[in-house]
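Note sheet for the following structure.
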Amino acid sequence: MSFEEDFSNDPLHAKKKAWSGRFSEPVDTFVLRYTASVDFDKRMALADIQGSLAHAAMLQKIGVISEKDLEDIRRGMAQIKEEIEKGVFEWQLELEDVHLNIEARLTALIGDAGKRLHTGRSRNDQVATDIRLYLRGEIDTIVSRIEHLQEVLVAQAKRGNDIIMPGFTHMQVAQPVTFGHHMLAYVEMFERDRERFLDVRRRVNRSPLGAAALAGTTYPIDREYTAELLGFEAVAQNSLDAVSDRDFAIEFCAASSVLMMHISRLSEELVTWMSQRFSFIKLPDRFTTGSSIMPQKKNPDVPETARGKSGRVYGDLIAMLTLMKGTPLAYNKDFQEDKEPVFDTIDTVKDTLRAFCDMMAGVEPRADMMLQACQAGFPTATDLADYLVRHGVPFRTAHDIVGQTVREAANRNCGLEELPLDVLQSFSKEIGEDVYEVLKLEGSVKARNHLGGTAPEQVRKQVTRWEGIIAERNAK
Ligand code: ARG
């Protein structure tokens, strides 16, 4: 059998590995490439260093390494951190992953103290610690971007409080709502997302360090101490579970999927609203792109891209669930496959939120077009039914009467409010001159004046409530 690539002269071939003591031949070069993770896990380097420093401090505290060793380790790690930040650190594929790369460099820099660092630890608890530390920081960034997006949407709601637009069900004009009310619906959605990320964070923020390979270690380690140094809220209580738990990463992908689903729904609305048929909004030019052939085009590329990217985030979630399923306790190399989906989700969610914060701030609602669209679908029909009910007509009868009235208006190609009083009265004697107040869009919207309703007075209250929440968050 021949493969396209021949690795026999590869310089990686036959290099000594950290764990090669019991092996009679070097690992196959292709296998090395196939199983290595350094290309992607090096992004956890700073978390890896942070975890190692806590572990080293603990080893010194319990008397396993000397004060001098700890000092050397700190000095070496400071240099490594600098090399990584400057981009001069030499990552080596034959050292497999971020952990062994950093450890090898540490030993090259400080000698034996570097070799003592891994006492009472395994890459299994090390990697679990690293992902948690890394993810915790990224969750904080994501939460603050969600908060920023909420702020932008609340500002849009405030500005759009009196702009009337058709509310839809089944994509059919249903009842008038305000643009502000519509914006606040997304603020609520993103609030649930924010809660979900904060909830996931609690389970991310537990320390697996000290579980070692799977069973714990024979050294008298102090797991609470390392947990505290690393800012973990709790210590994972079972070593087997500690090294093999990736639930937190799955939950992160799940929370991200729901967030992206919300973004995708918003994107769909933006795309629709931008189409010539609707023309409900204008998007700033910098969020649209032209066509290579049709000079007149302005395409809503950012919302469309975001809508599409929801798919890859769902894919990451499914990849995570699938890779964990069927893995026995405790650590399995399969788990290394958790990094790329999680990183991809982090990048996608962060970029998407960033684009949306900026883009949503630039959305310009077109009140004239929204109003015009309201005219088409008899959006105040329910108001007429409610009016009849207030005059003693049972709701089902009122529903029927209004149905006939709508048919009449459709035949005459006019709105309900344009029907003469005598025509309206031919459907019900209960109808009086005051009916025109409820048939008007403003009247309809204003009448939905209760908690959660679309009345401008209610939306204003909600805006004030959100502004209070935002001010409190920003004060922290
Ligand atoms: N790169 C590995 C991972 O991401 C680190 C742990 C490796 N442990 C092992 N026993 N091979 O999962």
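Both ligands and their constituent atoms are indexed starting at 1 by order of listing.
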Cut-off 3.5 Å, side chains only: do Arg121 and Ser52 have a donor facing an acceptor?
yes
Between Ser37 and Asp97, a side-chain donor and acceptor under 3.5 Å
no
Sub-4.5 Å side-chain heavy-atom contact between Leu353 and Leu259:
yes
Taking the six-membered ring for Trp and the full ring for Phe, Tyr or His, determine whether the centres of Phe248 and Phe252 are under 6.0 Å apart.
no
Do Arg136 and Ile139 have side chains that get closer than 4.5 Å, going by heavy atoms?
no
For ligand 1, what N or O to protein N or O distances fall under 3.5 Å?
| unit_1 | atom_1 | unit_2 | atom_2 | d |
| --- | --- | --- | --- | --- |
| ligand 1 | 1 (N) | Ser37 | OG | 3.3 |
| ligand 1 | 1 (N) | Asp97 | OD2 | 3.0 |
| ligand 1 | 1 (N) | Gln336 | OE1 | 2.8 |
| ligand 1 | 4 (O) | Lys339 | NZ | 2.7 |
| ligand 1 | 8 (N) | Asn124 | OD1 | 2.9 |
| ligand 1 | 10 (N) | Asn124 | OD1 | 3.2 |
| ligand 1 | 12 (O) | Tyr331 | OH | 2.4 |

Phe278 vs Phe168 aromatic rings, parallel, tilted or perpendicular, using cut-offs 30° and 60°?
tilted
